[in-house]
Protein chains: 2
Amino acid sequence: MLTQRQNAILQAIERQYTDTGQPVGSKVLATLLPVKVSSATIRNEMAELEEQGLISKEHSSSGRVPSTKGYRYYVDHLLDQQAVDASDVAIIQNSFGTNFHKIDEIVSQSADILSNLTSFTTFTLKPEQKDIRLSGFRLVPLGNHQVMAILVTDSGEVESQTFAIPPDMNTDELESVIRLINDQLAGLPLREVLQRLQQDIPMRVMHYMHSPNGVLDIFDNILSHASSERFFVGGRMNLLGFSHNNDPRVLQALYGLLDKNENLADFLDPQNDDVNVLIGNEISNKLLKDFSLITATYDVDQYGKGIIAVLGPTRMPYSRTIGIVSAFRQELARQLLEYYHRYYDQ
Amino acid sequence: MLTQRQNAILQAIERQYTDTGQPVGSKVLATLLPVKVSSATIRNEMAELEEQGLISKEHSSSGRVPSTKGYRYYVDHLLDQQAVDASDVAIIQNSFGTNFHKIDEIVSQSADILSNLTSFTTFTLKPEQKDIRLSGFRLVPLGNHQVMAILVTDSGEVESQTFAIPPDMNTDELESVIRLINDQLAGLPLREVLQRLQQDIPMRVMHYMHSPNGVLDIFDNILSHASSERFFVGGRMNLLGFSHNNDPRVLQALYGLLDKNENLADFLDPQNDDVNVLIGNEISNKLLKDFSLITATYDVDQYGKGIIAVLGPTRMPYSRTIGIVSAFRQELARQLLEYYHRYYDQ
DNA sequence: TTTAGCACTTGAGTATGTCGAGTGCTAAAA
DNA sequence: TTTTAGCACTCGACATACTCAAGTGCTAAA
């Protein structure tokens with residue numbers, strides 16, 4: 001355990017370093033601390049902190065910089081948890097428009113608001129109900145040989161796609177197929193629907209059309225969209241600003257990561273229902289070893305839980321960012337609840 | 001006009017410089033030229049070329065680099081126009097899948113193929129018929145208080161959006177509004193539809209519902225999507241590789257440009273129906289002064305003309321890139337014609 | 001008209017020195 | 001026992017000076 005003074009020193013180093021980006025030396029530190037001690041004393045204390053692995057030097061006579069362990073200690077013990085900037089809260093509350101017609105809009109706009117506020121890169125996931133079921137497929141003929149296929153889930157998610165009807169197929173056949181599919185699959189969990197679509201459904205559809213693959217592909221496609229498109233990324237390009245590493249290959253790899261939703265889901269999954277902070281190599285992906293990730297769930301009661309996350313440099317203003325995330329999760333939950341109530345529970 | 005030998009020298013400089021990225025000196029050039037002359041002679045010739053503004057030095061004793069004017073001359077006079085790499089052509093022809101159900105798919109996939117092939121950033125625009133008219137809006141109730149609004153144009157374009165029905169509105173009202181809108185607007189050019197939706201239609205709708213704005217917003221929204229979403233960008237991140245300038249602010253500005261479709265349309269508009277090359281500051285936007293842009297139209301007969309474009313560094317393998325673009329425009333036109341024939345002219 | 005030769009220019013790289021910020025350690029002061 | 005002043009030391013940043021190689025322009029001879 002650290003002494004009071006060591007805490008103060010570590011905290012001052014963290015603050016100063018995130019402000020300036022420069023390693024912090026004993027002399028500057030002496031002017032910063034509330035208790036007046038000489039630089040020599042501070043040097044002794046810093047030697048102790050370094051021994052514990054909380055701070056480190058870039059070279060033998062440079063100032064000190066917080067290590068991953070130091071940031072961790074800072075976040076765990078030295079943060080004023082409750083200090084959320086009032087103006088940030090105001091911005092958050094005013095930033096949501098009022099005319100939402102879709103959950104996607106709210107959640108995707110959230111990613112943008114959050115990235116504007118933090119100037120980092122952000123992620124938002126829609127609230128997920130554990131057990132979404134297929135409510136049904138619809139087919140809407142549009143004329144011009146085109147048809148729109150629409151998938152609706154019992155949670156109100158909608159996914160659609162248009163396709164052209166192959167010449168060797170008539171609408172009656174299609175209608176029959178849709179009826180068959182709905183009969184067989186409505187009410188089932190999406191996962192199971194996907195399985196069935198690939199396994200026994202093709203056999204049955206054979207009765208109605210000779211080459212069902214094209215059409216079934218469409219449903220397959222819509223379905224996988226519906227189950228994968230839960231992700232929104234905000235402030236993609238902010239990454240350029242804080243990714244110190246300007247090697248184009250690294251940047252391309254990073255952006256590749258952002259576009260592969262599956263991989264991201266792993267990092268973001270929060271350990272608990274509070275605001276989580278992952279620092280540097282605590283993140284499982286090696287590409288992100290110089291970043292910190294702040295994640296939080298937001299809880300929309302019976303409508304499920306979603307995730308918001310901020311990806312920034314290890315050297316980030318943790319206090320402010322955590323404050324923003326914390327305020328944001330609440331406001332987002334409030335917005336969504338309001339939305340659901342407005343439209344569903346009348 | 002240049003002499004035969006000066007042409008050869010300019011060509012050699014261009015080739016060598018795009019290969020190595022280094023300024024080319026007289027000695028190296030002497031080994032490269034087919035006709036054997038001494039480096040001194042080449043120096044004399046280069047002095048002449050420099051006087052004409054075709055090449056330039058980075059400093060008083062460096063090798064020469066083609067200037068914008070030099071590239072222009074090279075592209076206009078020294079290119080083997082017909083040299084399209086056979087293997088590139090094969091790749092292009094095999095790269096299109098067969099199961100397209102939407103024009104958007106073909107055109108957006110085109111941007112990706114083209115960027116893979118060139119490793120630059122690419123743009124594709126859908127074929128545009130001059131005078132697209134509104135065929136009609138559809139409303140599909142989805143249950144769960146949700147409705148999907150679908151716009152169909154006479155060119156077969158489809159745009160859709162779901163929205164939740166406000167509590168104070170019943171479906172009958174909606175149906176009436178849709179009937180009104182369709183009666184009034186079907187058959188009109190999209191531009192005019194947009195105008196009417198903002199001007200006299202709101203008045204008429206007032207008869208059926210007290211607060212029409214929310215609903216009309218939706219149609220407005222769908223409509224502007226339909227008329228703006230003609231753009232696809234491929235290989236966005238390739239920009240990182242060849243944008244020598246690693247200043248994050250410049251990069252952010254560039255990517256900002258890619259996301260604002262309107263601005264892009266101006267650059268891309270080709271002067272004529274052939275393959276066009278714009279070099280460096282020939283491009284109107286100053287951000288792109290170190291880039292070259294190769295654009296071409298593709299012609300799908302009565303279904304309109306589209307545009308494909310490649311954005312790369314000024315120092316680019318013009319011959320190969322132009323060849324690829326040229327082959328690609330033909331193949332893309334072929335694919336789209338085939339698509340249209342398959343589905344429309346039965 | 002071409003070429004060889006030469007003086008000149010320049011950027012890149014390397015060695016050298018100075019300066020300032022920072023450190024660890026020690027011995028004296030508190 | 002804790003704190004502090006002092007001092008020798010280290011290292012990066014910066015500047016200067018020098019060399020080297022690549023390249024140039026120009027001139028005079030081939």
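Each chain gets a letter, A, B and so on, in the order its sequence line appears, and its residues count up from 1.
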Using a cut-off of less than 4.0 Å, is there contact between a side-chain N or O of [X] and OP1 or OP2 of [N]?
X: B:Ser38; N: C:dT3; value: yes
X: B:Lys57; N: C:dG11; value: no
X: B:Arg64; N: D:dT24; value: yes
X: A:Ser60; N: C:dT23; value: no
X: B:Arg43; N: D:dT27; value: no
X: B:Ser26; N: D:dT24; value: yes
X: A:Ser62; N: D:dC11; value: no

Is it the case that the side chain of B:Gln252 and the backbone of A:Met237 share a donor-acceptor pair, with hydrogens and angles ignored and the cut-off at 3.5 Å?
yes

Looking at B:Ile322, is its backbone amide N or carbonyl O close enough to the side chain of B:Ser326 to form a donor-acceptor pair, meaning the two atoms are under 3.5 Å apart?
no

Presence of donor-acceptor pair under 3.5 Å, side chain of A:Ser61 and base of D:dT10
yes

Determine, for A:Arg329 against A:Asp273, whether the closest basic-nitrogen to carboxylate-oxygen distance falls under 4.0 angstrom.
no

Below 30° counts as parallel, above 60° as perpendicular, anything between as tilted: where do the rings of B:Phe291 and B:Phe242 land?
perpendicular

DNA chain C nearest-nucleotide lookup for A:Gly63 and A:Ala40: closer to the 5′ end is A:Gly63

